[in-house]
Amino acid sequence: MQDLFGGDVSPIIDGLNDAQREAVTAPPGHVLVLAGAGSGKTRVLTHRLAWLMAVERASPFSIMAVTFTNKAAAEMRSRIERLVDVPVRAMWVGTFHGIAHRLLRQHWQEANLPQSFQILDSEDQHRLIRRVLKNLDLDEDRWPPRQVQGFINGCKDEGKRPQHMADTGDYSRSQLISIYAAYEEHCQRAGVVDFAELLLRAHELCRDNESILQHYRRRFRYLLVDEFQDTNALQYAWIRLLAGETGQVFVVGDDDQSIYSWRGAQVGNILSFTKDFPGALTVRLEQNYRSTSRILKAANALIANNSGRMGKELWTEGNQGEPIELYAAFSGYDEVHHVLGRIRTWMDQGGRRDEIAILYRSNAMSRLFEEALLREDIPYRVYGGLRFFERAEIKDALAYLRLLRNRHDDPAFERVVNTPTRGIGNTTVDKIRGLARAQNIALWQAAGILGEDGLPPRAASAVKGFMALVDAMDEATRDKVLSEIIDHVIQASGLIEMADKEGGEKGQARKENLEELVNAARGYERLPEDGAEIDEDMPELDPLTAFLTHAALEAGEHQGEAWDDCVQLMTLHSAKGLEFPMVFMVGMEEGLFPHQRSSEQPEGLEEERRLCYVGMTRAMQKLHLSHAETRRLHGSETYCSPSRFIRELPSELLNEIRPQIQVSRPVSQKQYGQRGGYGGYGNYGRNKQETYGGGGLPPGMQETTIGGLKLGQRVSHPKFGEGVVLNFEGEGSRARVQVNFSDAGSKWLVVGYAKLEAI
DNA sequence: TTACGCTTAAACTTG
DNA sequence: TTAAGCGTAA
């Protein structure tokens, strides 16, 4: 390899701080980089790659860099390209799944897969599991498909096959194992693999095949892993396997940002790393280039409440910035109102909308904000939701395409056998399923048999018609390019017509999506897939299979760019890795955040705290926290106490903002947004400890009384028991109070009639 | 086959 | 509250 920098490595190490430089220039061997939020982790990763090539004379062919998302992989690739002038395409840079997939394509025979195997996404997997349950005659109430799915994926994530799982005598466990086994059989016969299977097969392929293992061990001398705290048992095992005795492993992660344990990630892998790779150098990146020091201090203080950390404290050379604003809203609506006010102020001061992010714990919380933003004509974008390749009409089209390649693809068959409807009803499909099961053959084969004999004439001809249609589409598209194939299929299958007939906005959108699929294919024809082509031992994949794979592995960006100039709305989880000048963390309430279902076990609570830490460290300049005292949850009004995480922040870093109370102020949607109603903001931030301590009442609300009752007052009612006064409405004899009873829930009562007693 | 009404449950999510 | 899934009726 020629000298990339003419002997001058300064472009690689200039501008790095000491810790970053230590990691980038580490001598040959293993390295664990504990990279705090905003500490330049991607930078370190890419510069390390450049260093390896420039100084260690590593060939791009000898490098594998693994990430979790396509976005991260793309980002890494482009940054390396900018940094060094080498054929980046020769490097294997990709997601765990992408790389595993690549291995399996290359060694499909050894992996015991058909050459054009297809990938099941989680929806496909779910459907297939339901079918397997039906086949086994198991009740879905007893064996909820989602749980079965979780079980199977969990097993695979730990590298376990059904045949290797010990029967512990536990009935439901052994039953689950047999479901797993049956599911696997179906997949194998249909020639499909789910996401977890990609990883498991790739691992087994390497583990059980000495020559393949040796080949890749010799090839990949340098293994780099991003977001190492998110790796599961299998991914880590695979890295260890590939590394062997000779590979050098460089991992970057942050134990404090581990928020995916629920999907199999094991933070423990970070701890194990130094044991599994003796002599590994550990480098901590603690200097933060993103946030103000106030924000960092608060985040540090919060995360210090967790136990078993590797230990890290973020700091910055930057200024301390503005205080963190804390707003205690009356209600969810009030919270929204406050946030919108702050957004307007930000924009009045010349800020941009895409510098603003509203972060919440659960998706349902976006609604109130969306409604308000819509009303105020403020452009916004919500992250998450359905992605392009996950749309029903797109998946229908892809299912036809899958059938073209492989008639035995049962999930695809099931999906489109009667889409659009062609008179093959459930009864008929059930017969096909029954025969397929009895003879252990694919649905397509069973349909072929029944089409000849065993069905009423009408159904038989419908089935034969369907099969003829698929065959005809196959025939007609033999020498066509990808986009023409797809165009033909969406026409001939009747999917376009179906969307047309559906009519309305929905049907129109479906039609446009189908047309967009043809466009996507056209674009894909020109675009060589992520560098795979350069690799001489990668066999050329036929374009259709490649496209289907692309659709499965990159279902269309979720984490896309910030589009125009939009306020960004997303969950705390999807905010990981992003940064924004101004961040709102809303719904900071016990039960919501930390979420009810997490706060029961200590580990769950610590993960929630890490999530909070992730959220706070997204903010560059200005961080807003807010919680509401009442919130409509699942349709009923609930009283909410502030999140414990708020209490864990040093009060001197916070600026507590309170709405000014007006007497007889109903909290209703109508009221919201009418006027500036809150008459300015007071700062009551001094003695918040006692305020929040008992989930009691904020100062500033104390004056408001009706009939001897005040907000926050504990009262008792002869029938409903004890509760807390939340709200007032009306005056005189019409005056009503809202009381949240500990047993009976929240009720509106007329003060004059209800026999309420102050306690 | 479709459409409507009922029941149920309600985190986070990448490939 | 709302959305999805399911069973029944047309």
Side-chain angles (χ1 to χ4, degrees), chain A residues 66-73 94-102 119-126 130 140-141 144-146 150 153 156-157 193-200 202 226-227 230-232 234-235 258-265 332 359-368 371 383-387 389-390 418-429 462 501-502 549-559 570-577 587 591-600 604 607-608 610-612 614-615 631-638 669:
Chain A
V66 207
T67 62
F68 276 86
T69 65
N70 290 304
K71 192 186 173 204
T95 63
F96 274 102
H97 293 88
I99 288 174
H101 167 257
R102 200 166 162 174
I119 299 166
L120 293 188
D121 69 10
S122 28
E123 193 206 337
D124 300 331
Q125 184 186 35
H126 183 247
R130 292 186 64 184
E140 286 195 6
D141 292 334
R146 291 279 165 210
N153 290 336
K156 292 190 178 188
D157 285 347
V193 294
D194 59 51
F195 288 129
E197 183 74 22
L198 284 173
L199 302 177
L200 182 51
D226 191 16
E227 304 280 13
D230 289 340
T231 50
N232 64 31
L234 183 58
Q235 289 159 338
S258 161
I259 56 176
Y260 286 115
S261 72
W262 49 275
R263 92 186 171 197
L359 310 182
Y360 35 80
R361 175 68 236 265
S362 55
N363 283 308
M365 286 203 58
S366 74
R367 248 196 63 204
L368 283 184
E371 286 168 2
Y383 282 61
L386 265 197
R387 295 180 287 182
F389 288 106
E390 288 167 354
N418 199 31
T419 312
T421 50
R422 50 174 68 88
I424 306 178
N426 209 18
T427 326
T428 308
V429 179
K501 260 204 296 199
E502 184 183 350
T549 298
H550 166 80
L553 289 183
E554 311 183 29
E557 22 63 78
H558 227 179
Q559 294 260 73
M570 66 191 85
T571 62
L572 288 156
H573 280 90
S574 34
K576 195 174 85 158
L592 267 182
F593 188 35
H595 195 276
Q596 190 61 46
R597 285 160 74 165
S598 303
S599 34
E600 278 134 33
E607 183 146 318
E608 293 284 301
R610 291 193 291 269
L611 191 55
C612 187
V614 166
R631 185 180 292 282
R632 223 185 184 135
L633 275 181
H634 312 319
S636 60
E637 210 68 28
T638 358
Q669 191 165 11

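Scope of the values below: all heavy atoms of this structure, side chains included, with no hydrogens, waters or symmetry mates. Protein chains get the first letters and strands the later ones, always in sequence-line order, with residue 1 at the start of each.
Taking CG of A:Asp226 as the start and OG1 of A:Thr95 as the end, the distance is 12.0 Å to the nearest 0.5 Å.
For A:Asn70, taking side-chain heavy atoms from C-beta onward, the closest of the listed nucleotides B:dA10, B:dG15, B:dC12 is B:dG15. Proximity note for A:Ser362 (side chain, C-beta onward) versus B:dT13, B:dA11, B:dG15: the nearest is B:dA11. Listed nucleotides B:dA11, B:dG15, B:dT13 differ in distance to A:Tyr260; the shortest reach to its side chain belongs to B:dT13. With B:dT13, B:dT14, B:dA11 as the choices, the nucleotide that has an atom nearest any side-chain atom of A:Thr69 turns out to be B:dT14.
A:Leu611 places a side-chain heavy atom less than 4.5 Å from the side chain of A:Arg361. Counting heavy atoms from C-beta outward, A:Phe389 and A:Glu554 have side chains that stay 4.5 Å or more apart. A:Gln235 is not listed as a side-chain neighbour of A:Val66, based on a closest heavy-atom distance of 4.5 Å or more. Taking the side chain as every heavy atom from C-beta outward, A:Leu572 and A:Tyr360 never approach each other to under 4.5 Å. Taking 4.5 Å as the limit, every side-chain heavy atom of A:Arg632 sits out of range of all side-chain heavy atoms of A:Thr638.
Partner A:His101 forms a side chain to side chain contact (heavy atoms under 4.5 Å, CB included) with one of A:Ile119, A:Leu199, A:Val193 and no other, that one being A:Ile119.
Residue A:Asn232 has no polar side-chain atom (N or O) positioned under 4.0 Å from OP1 or OP2 of B:dT14. For A:His595, a side-chain nitrogen or oxygen approaches OP1 or OP2 of B:dA11 to under 4.0 Å.
Put simply, A:Trp262 rests on the base of B:dC12: the two rings are less than 5.5 Å apart at their centres and nearly parallel, under 30°.
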Check your understanding: How does protein contact run along nucleotides 1-10 of chain C, one letter per nucleotide 5' to 3', with B for base contact, S for sugar-phosphate only, - for none, heavy atoms under 4.0 Å?
Key -> BS---S----

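Rounded to the nearest Å, the gap between the P atom of C:dA4 and that of B:dT13 is 16 Å. A distance of about 16 Å separates the P atoms of C:dG5 and B:dC12, rounded to the whole Å.
A salt bridge links A:Lys576 with A:Asp230: at least one charged nitrogen is closer than 4.0 Å to a carboxylate oxygen.
In terms of polar N and O atoms assigned as donor or acceptor, the side chain of A:Ser598 comes within less than 3.5 Å of the base of B:dA11 in a complementary pairing.
Within the 4.0 angstrom heavy-atom criterion, base atoms lie near A:Phe195. Counting any heavy atom pair closer than 4.0 Å across all strands shown, A:Asp230 reaches no nucleic acid atom. Nucleic acid contact for A:Glu608: base, since at least one base atom lies under 4.0 Å from a heavy atom of the residue.
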**Study point:** Full working for side-chain contact (heavy atoms from CB on, under 4.5 Å) between A:Glu390 and A:Glu123
**Key:** CA-CA 9 Å; A:Glu390 288 167 354; A:Glu123 193 206 337; 5.9 Å; no

Nucleotide N/O to protein N/O under 3.5 Å, stretch nucleotides 1-8 of chain B:
from  : atom 1 : to       : atom 2 : distance (Å)
B:dT1 : OP1    : A:Asn418 : ND2    : 2.9
B:dT1 : OP1    : A:Gly425 : N      : 3.4

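Nearer to the 5' terminus of DNA chain B, by closest-nucleotide assignment, is the contact made by A:Arg361 (compared with the other of A:Leu553 and A:Arg361).
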